[in-house]
Structure formats: C-alpha cells, structure tokens
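First the structure, in the form of structure tokens, and then the observations on it.
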Amino acid sequence: MVHYDLAILGSGSGNSLPGPQWAGRKIAIIDGGTFGGTCLNVGCIPTKMFVYPADLAAGAREAGRLGVHAEVNDVHWRAIRDRIFSRIDAISAGGMEYRAHGEPNITLYAEHAEFTDPKALLTSGGTEITADQIVVAAGSRPVVPDFPGNDHPRVHTSDTVMRVDELPAKVLIVGGGFIAAEFGHVFSALGSEVVMLTRSPGLLKTQDAEISRRFEEQVSGHWDIRHGYQVASVRSVESTPETHGRERVCVELAPVSGSANARASIEVDLVLMATGRRPNTDLLNIKATGFDLAVNGRLRVDKYQRVLTGGRPTTGVWALGDISSDFQLKHVANHEARTVSHNLLNPEQLRASDQRFVPEAVFTRPQIAKVGMTEAQALADGARRGIEVVTAIQDYGSTAYGWAMEDTSGVVKLIAEKDSGLLLGAHIMGHEASLLIQPLIQAMSFGLDARTMARGQYWIHPALTEVVENALLSLKVS
Ligand SMILES: Cc1cc2nc3c(=O)[nH]c(=O)nc-3n(C[C@H](O)[C@H](O)[C@H](O)COP(=O)(O)OP(=O)(O)OC[C@H]3O[C@@H](n4cnc5c(N)ncnc54)[C@H](O)[C@@H]3O)c2cc1C
Ligand SMILES: NC(=O)c1ccc[n+]([C@@H]2O[C@H](COP(=O)([O-])OP(=O)(O)OC[C@H]3O[C@@H](n4cnc5c(N)ncnc54)[C@H](O)[C@@H]3O)[C@@H](O)[C@H]2O)c1
C-alpha cells in the first residue's frame with residue numbers, strides 16, 4: 001500500500017490541481033485512458049480544430065453572394081486530421097512525460113483504478129493507494145444505445161470519428177444535441193452528405209425555442225433532417241459499382257412510437273452516434289464507498305465540491321467536472337477545479353463553486369451561444385417571483401457590420417426583468433456568437449442592468465458588437 005497526501009483520479013481537469021503550492025507533498029495522478037482527458041484528446045480542442053477549416057470552406061462557398069466567387073476544390077481530410085492530431089498527441093504525450101518523470105513528488109499511474117474503500121483505490125496493476133485527500137475527476141463517456149450492429153466498425157462516437165481515414169461521402173448522425181450539431185457542420189462543410197436522425201422534433205432543444213427553431217430552419221437547407229426515428233440495426237453492405245468499391249452500411253430506421261413515419265433504411269459510409277454522455281461512476285466500484293449518486297449517475301457533491309455520503313460531506317473526498325457536474329462543459333470543470341484547488345489547502349475557508357451564470361456555445365454553423373434562462377424558463381420564473389419579464393430580438397442585419405456581411409439569419413435575443421433591467425438570459429445565433437455573448441455574461445455575473453450596460457460605455461462603431469448594444473436598447477425596461 002502506498003500513501004499519498006493527494007490522489008487525483010483522472011488527468012483531464014484533475015491534472016490542473018498539482019502546482020507549486022504542493023511542492024514537497026506526495027501526489028498520485030491516476031489515469032487509465034489517454035493522458036489529458038476528453039477536452040484535449042477527443043473533445044473541445046480537436047473538434048474546434050475541425051470546425052475552423054469547416055468554417056473556411058463554408059465561408060468560401062457562401063462568398064459568392066458578396067461578389068467573391070470562390071470554389072472549394074478539394075478537402076484533404078487526412079492532412080487536416082494529421083495536422084490536428086500531430087499537435088494534440090504531442091501535447092498529451094508531453095504532459096504525460098512531465099507528470100511521469102518531471103516532478104519528484106508526483107507519481108503517475110497510467111492504469112485504471114477503482115475504490116476499495118472511501119479513502120482507498122486499487123489500480124489495475126495491483127497498487128493499493130490511500131491518500132489524505134482524494135479528488136475524483138474521472139469524467140464521462142459516450143452513450144451508445146443498444147441495437148444490433150452498434151459495435152460495427154463504421155459506427156462511431158466522437159471518441160473515434162475524428163481519426164477515420166477518409167471523409168465519408170455520406171454520414172448518418174444520430175442525435176440532435178451539441179455533438180450532432182458540431183459534426184453536422186464539420187462533415188457538411190467539408191463535403192459529406194449529412195443525414196441527421198432524431199427521436200422527436202427539434203434540434204438543440206435545450207436552447208431557447210426561438211433559437212432552436214431558427215437554427216433548424218438554417219441547417220435544414222444543408223442537412224437531411226429526419227425526426228421521429230431511431231436506429232433499429234446496422235449491417236454491412238457489399239461494395240457495388242454504384243458505391244465505387246466503397247464499403248457502406250445499411251441502417252434500418254424504426255419509427256418512434258407516436259410518429260407517423262414508416263420503417264425505412266438508408267445506406268451510408270459512416271454512422272456517428274451523438275446520443276449523450278454518461279458519467280464514469282459505474283467504472284469506479286462506488287458501492288465500496290457509500291458515496292451518493294444522483295439519478296443520472298453523477299457523484300453528488302456540495303457547493304464546495306465535497307463528495308456526499310448519506311447527504312453529508314465525506315472528509316477528504318472531492319469531485320469535479322463531468323463525473324459530478326450538472327454541466328458537461330470544460331469551463332465548468334476548470335472552475336470546479338479552481339474551487340477544489342483552493343479548498344484542498346484552505347479547509348477553514350472553503351470556497352463555493354458559482355454556477356449562477358454558466359454560458360455555453362455550440363460551434364456549429366451558424367454558431368450559437370447562450371447564458372442564463374430561456375424565455376420559457378424566465379416566464380415561469382417571473383410568474384413564480386411575481387416579476388414582469390421583457391424580451392428583445394435584434395437581427396445582425398440591422399447593424400452596419402451585419403450589412404457588410406449581408407447577414408440574414410444572425411440574431412441576438414435578450415430576456416430581462418422589466419423593473420430592474422437585470423438580464424435573465426441572452427441567446428445569440430450567428431457569426432462569432434461565442435465572442436459576442438461574453439459582455440452579456442459579464443453583465444449578468446456582475447449585476448449590470450441593461451440600460452447602464454448599453455449607455456455606460458462606448459461601443460465601437462461599426463463593430464458587430466453594436467447588435468448587442470441595440471438589443472440592450474430595444475429591451476423595454478423601466
Ligand atoms: C466531442 C466533444 C466536444 C466538446 N466540446 C466542448 C467545448 O467546445 N466546450 C466545452 O466547454 N466543453 C466541451 N466538451 C465537454 C468537455 O470536453 C468536458 O466537459 C470536459 O473535458 C470534462 O472534463 P473532466 O476533467 O471532467 O473529465 P475528462 O477530461 O474526461 O477526464 C477524466 C479522465 O479520467 C480517466 N478515468 C476515468 N475513469 C477512470 C478510472 N476508473 N481509472 C483511471 N482513470 C479513469 C479518463 O481516462 C479521463 O482521462 C466536449 C465534449 C466532447 C465529447
Ligand atoms: N461546444 C460545447 O460546449 C460542446 C460540444 C460537444 C459536446 N459538449 C458536451 O458534451 C455533452 C454530450 O454531447 P451530446 O451531443 O452527445 O449530448 P446532448 O445531450 O447535447 O445531445 C444528445 C442527443 O441525443 C439524443 N438521444 C439521447 N438518447 C438517444 C437514443 N437512445 N436514440 C436517439 N437519440 C438519443 C437526445 O435527444 C439529444 O438530441 C453535451 O451535453 C455537452 O455538455 C459540449
């Protein structure tokens with residue numbers, strides 16, 4: 001048995017915890033997967049490295065309406081893929097090497113581990129690890145529904161799809177959430193035919209209904225979207241002259257109950273299952289610990305990120321990120337890691353995580369960004385609190401930069417309390433939505449009302465930020 005001051009399970013966001021403040025104290029980092037976790041290896045970073053060239057290709061195709069007639073002649077998928085992963089794999093390997101050999105007080109176990117007790121772990125190599133403090137940062141993984149053929153080599157998740165050798169000519173994306181929307185854009189812009197399958201009507205349904213509706217309107221021109229279906233099975237199809245020798249799969253589609261659809265089938269080169277992610281708690285032998293699990297399988301924590309047992313904090317056991325968070329987002333995992341980092345060393349002055357205004361962005365085309373409540377949530381909240389809620393919608397096309405772009409779909413939607421002018425939610429769809437939303441996140445986080453925000457500062461003319469300024473001015477606040 002080896003005893004540590006700190007044991008960290010998971011090298012994603014957990015890897016940010018050891019710093020100079022831990023010098024001289026013994027730390028174990030344990031990770032049975034690729035060093036650096038989801039965001040670096042199979043998540044935020046490589047996906048956005050595909051999104052950027054996809055944006056360039058889509059932008060070139062759309063430039064004709066501004067008088068710039070460009071063509072996307074060829075997309076070198078392998079060159080894009082290899083550029084991305086030569087960079088990422090080196091960062092992962094370098095990080096691993098540093099943790100393995102760079103610091104005398106840190107031991108890296110590149111092994112799977114499970115709990116044997118609330119304060120003890122057993123690695124797959126047989127090392128028993130105990131620690132004064134344990135941080136569980138073991139993340140989440142894709143969920144693939146059960147159907148015959150779900151393990152076919154042409155059925156992928158986000159973990160594998162970015163490494164395929166060829167850009168698929170035709171791809172079926174199952175799901176209508178974040179990953180579906182981002183890969184729908186990547187594949188479609190790079191030249192694949194995209195079919196998207198969802199069980200119920202609507203895409204990106206956690207967005208404000210107006211944004212979700214407008215988004216579907218936009219992408220339905222590029223993607224073949226089929227609602228009311230689920231995958232019944234996937235099987236190989238022999239290559240034929242029509243498929244130019246390419247192997248394909250036949251996907252049987254079953255109508256979901258209540259839909260008027262008939263059974264159907266579709267042949268594609270690749271299936272991407274984008275049907276959500278589950279926390280890795282089922283791989284940790286949690287039953288040996290008594291830790292509380294939420295219904296969705298996440299570890300339950302309090303606001304200080306302490307893992308709960310029977311509703312009470314477990315001394316010296318913390319969790320952060322996808323394993324325990326309501327948000328499967330890297331900036332939330334990073335925020336929670338900062339909370340844990342402080343609390344590990346300051347037990348008398350615990351800091352709480354702040355999840356009041358958690359923003360998100362979907363890097364699809366058009367880009368989408370959100371912070372705070374949807375209109376439906378704000379109206380329900382307003383009714384409960386007895387406050388009046390006002391909304392404003394401002395088109396990008398109503399501003400000078402929007403004219404420059406000849407933009408016809410970009411939109412800012414704001415939701416605020418009428419009396420105080422405080423923002424309750426902000427929703428943006430369009431060019432660089434993830435950047436435009438930042439001042440609105442700032443206003444909400446620091447309690448700035450819409451009027452003061454609009455008129456208490458200069459807005460650069462004729463920048464696209466004027467659409468945010470105008471949306472603020474359009475709000476009918478008192
Ligand atoms: C395709 C995709 C795109 C995304 N894009 C974005 C984005 O643009 N912006 C954003 O904010 N978020 C994005 N996310 C979400 C983001 O990646 C995650 O929220 C974040 O990486 C979670 O970090 P984590 O530290 O909780 O877990 P992880 O980074 O997953 O780390 C957990 C680590 O624990 C290890 N582990 C698990 N169980 C064990 C065990 N029993 N023993 C040993 N090791 C174990 C795993 O190998 C893994 O390395 C994306 C996710 C995906 C899948
Ligand atoms: N830009 C970003 O921040 C970003 C990008 C990608 C992923 N992520 C994170 O990763 C998480 C996982 O992404 P995701 O797109 O897999 O999940 P998601 O929850 O966003 O979407 C899952 C989709 O799959 C559907 N679905 C669920 N089970 C199904 C089934 N059995 N059959 C058919 N459809 C089914 C859901 O209805 C939904 O449309 C996201 O929730 C997000 O937190 C973030």
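Just follow the structure's listing: the first ligand is 1, and inside any ligand the first atom is 1. Residue indices begin at 1 and follow the sequence shown.
The nearest heavy-atom contact from the protein to atom 3 (C) of ligand 1 is Gly43 C, 3.4 Å. The closest protein non-hydrogen atom to atom 8 (O) of ligand 1 is Lys48 NZ, 2.7 Å. The protein atom (non-hydrogen) at minimum distance from atom 10 (O) of ligand 2 is Arg277 CD, 3.8 Å. Nearest to atom 30 (O) of ligand 1 among the protein's heavy atoms is Thr38 OG1, 2.5 Å. Of the protein's heavy atoms, Ala138 O, 4.0 Å lies nearest to atom 36 (N) of ligand 1. Here the protein heavy atom with the shortest distance to atom 19 (O) of ligand 1 is Asp322 OD1, 2.8 Å. Protein heavy atom in closest approach to atom 13 (C) of ligand 1: Cys44 SG, 3.4 Å. Closest to atom 21 (O) of ligand 2, if we only count protein heavy atoms, is Gly177 CA, 3.4 Å. Looking only at protein heavy atoms, the nearest one to atom 15 (O) of ligand 2 is Ile179 N, 2.8 Å. The protein heavy-atom contact nearest to atom 53 (C) of ligand 1 is Arg277 NH1, 3.3 Å. Among all non-hydrogen protein atoms, the one lying nearest atom 42 (N) of ligand 1 is Ala113 N, 2.9 Å. Here the protein heavy atom with the shortest distance to atom 17 (O) of ligand 2 is Gly276 CA, 3.4 Å.
In terms of N/O distances under 3.5 Å, ligand 2 is approached by Gln328. For a threshold of 3.5 Å applied to N or O pairs, the pair formed by Lys330 and ligand 1 contains at least one separation below that value. Not a single N or O atom of Val174, backbone or side chain, sits closer than 3.5 Å to an N or O atom of ligand 2. For ligand 1, the polar-atom distance check against Ser158 finds no nitrogen or oxygen pair separated by under 3.5 Å. Between Leu329 and ligand 1, an N or O atom pair is found at a separation short of 3.5 Å. The distance criterion of under 3.5 Å between nitrogen or oxygen atoms is met by Gly176 with respect to ligand 2. Geometrically, ligand 1 and Asp31 share a nitrogen or oxygen pair separated by less than 3.5 Å. In terms of polar-atom proximity, defined here as any N/O pair under 3.5 Å, Met162 makes no such contact with ligand 1.
Donor-acceptor pairing under 3.5 Å is lacking for the side chains of Asn261 and His227. A donor-acceptor contact closer than 3.5 angstrom links the side chains of His3 and Asp132. Residues Thr374 and Asp208 bring no donor and acceptor atom of their side chains to less than 3.5 Å of each other. Side-chain contact annotation: Arg99 with Asn15, donor-acceptor N/O pair under 3.5 Å present. Glu336 and Ser13 share no donor-acceptor pair across their side chains, judged by distance under 3.5 Å alone. Glu252 and Ser233 are not linked by any side-chain donor-acceptor pair at a separation below 3.5 angstrom, with hydrogens and angles left out of the test. Asn346 and Arg351 are not linked by any side-chain donor-acceptor pair at a separation below 3.5 angstrom, with hydrogens and angles left out of the test. Residues Gln328 and Glu360 bring no donor and acceptor atom of their side chains to less than 3.5 Å of each other. Side-chain contact check for Ser92 and Thr34: no donor-acceptor pair (N or O, by modelled atom type) lies under 3.5 Å.
Each of the atoms 43 (C) of ligand 1 lies under 4.0 Å from some heavy atom of Glu111. Annotation for ligand 1: atoms under 4.0 Å from non-hydrogen atoms of Gln328 are 15 (C), 19 (O). Residue-ligand proximity, Leu9 to ligand 1, at heavy-atom distances under 4.0 Å covers atoms 42 (N), 43 (C). Near Gly33, the atoms of ligand 1 lying under 4.0 angstrom from a non-hydrogen atom of the residue are 47 (O). Remark: ligand 2 atoms within the under-4.0 Å shell around heavy atoms of Leu329 are 3 (O). Near Gly139, with a cut-off below 4.0 Å to any heavy atom, the atoms of ligand 1 are 26 (O), 27 (O), 30 (O), 32 (C). Annotation for ligand 1: atoms under 4.0 Å from non-hydrogen atoms of Leu284 are 41 (N). Of all atoms in ligand 2, numbered sequentially from 1 with element shown, those under 4.0 Å from a heavy atom of Gly175 are 24 (O). Of all atoms in ligand 1, numbered sequentially from 1 with element shown, those under 4.0 Å from a heavy atom of Thr47 are 1 (C), 3 (C). Within ligand 1, the atoms closer than 4.0 Å to a non-hydrogen atom of Ser13 are 23 (O), 24 (P), 25 (O), numbered from 1 in the order shown. Near Phe363, meaning under 4.0 Å from one of its heavy atoms, ligand 2 places the atoms 1 (N).
A salt bridge links Arg141 with Asp282: the closest approach of a Lys/Arg side-chain nitrogen to an acidic carboxylate oxygen falls below 4.0 angstrom. At a threshold of 4.0 Å, the pair Arg300-Asp292 counts as salt-bridged, since one of the basic side-chain nitrogens sits closer than that to a carboxylate oxygen. Using a cutoff of 4.0 Å between basic side-chain nitrogens and carboxylate oxygens, Lys170 and Asp269 are not scored as salt-bridged. Note on Lys330 versus Asp322: no salt bridge recorded, every NZ/NE/NH1/NH2 to OD/OE distance being 4.0 Å or above.
The environment of Arg278 atom CZ is dense: over 12 non-hydrogen atoms of other residues, nucleotides or ligands sit within 6.0 angstrom. By the 6.0 Å contact criterion, CD on Gln442 is open, its count of non-hydrogen atoms from other residues, nucleotides or ligands being 12 or less. Taking a 6.0 Å sphere around CE of Met49, one finds it holds more than 12 heavy atoms contributed by other residues, nucleotides or ligands. Atom NZ of Lys205 has more than 12 neighbouring heavy atoms from other residues, nucleotides or ligands inside a 6.0 Å radius.
Of the heavy atoms in Leu283, only backbone atoms (N, CA, C, O) come closer than 4.0 Å to ligand 1. When heavy-atom distances to ligand 2 are checked against a 4.0 Å cut-off, Pro145 comes that close only through its side chain, counted from C-beta outward. By the criterion of a heavy-atom distance under 4.0 Å, the side chain of Lys48, and not its backbone, is placed next to ligand 2. Of all the heavy atoms of Ala361, the ones lying under 4.0 Å from any atom of ligand 2 belong exclusively to the backbone. Residue contacts with ligand 1 for Ala137 involve N, CA, C or O but no side-chain atom from C-beta outward (heavy atoms, distance under 4.0 Å).
The option from Lys205, Lys330, Arg199 that lies nearest to atom 29 (C) of ligand 2, judged by heavy atoms, is Arg199.
The one candidate from Gln218, His431, Glu432 that meets the side chain to side chain contact (heavy atoms under 4.5 Å, CB included) condition with Pro366 is Gln218. Here the rule is salt bridge (charged side-chain N to carboxylate O under 4.0 Å, His left out) with Arg214, and of Glu217, Glu210, Glu216 only Glu210 fits it.
By the 4.0 Å heavy-atom criterion, Gln230 is excluded from the residues contacting ligand 2. Residue contact check for ligand 2: Glu182 places a non-hydrogen atom closer than 4.0 Å to it. The closest approach between any non-hydrogen atom of Thr198 and ligand 2 is not below 4.0 Å.
Aromatic ring pairs are classed by plane angle as parallel below 30°, tilted from 30° to 60° and perpendicular above 60°; the pair Phe187 and Trp77 is parallel.
Of all heavy-atom pairs spanning Arg61 and Ser188, the tightest one is NH1-O, 4.4 Å.
Checked against the 6.0 Å centroid threshold, Phe291 and Phe115 count as a close aromatic pair.
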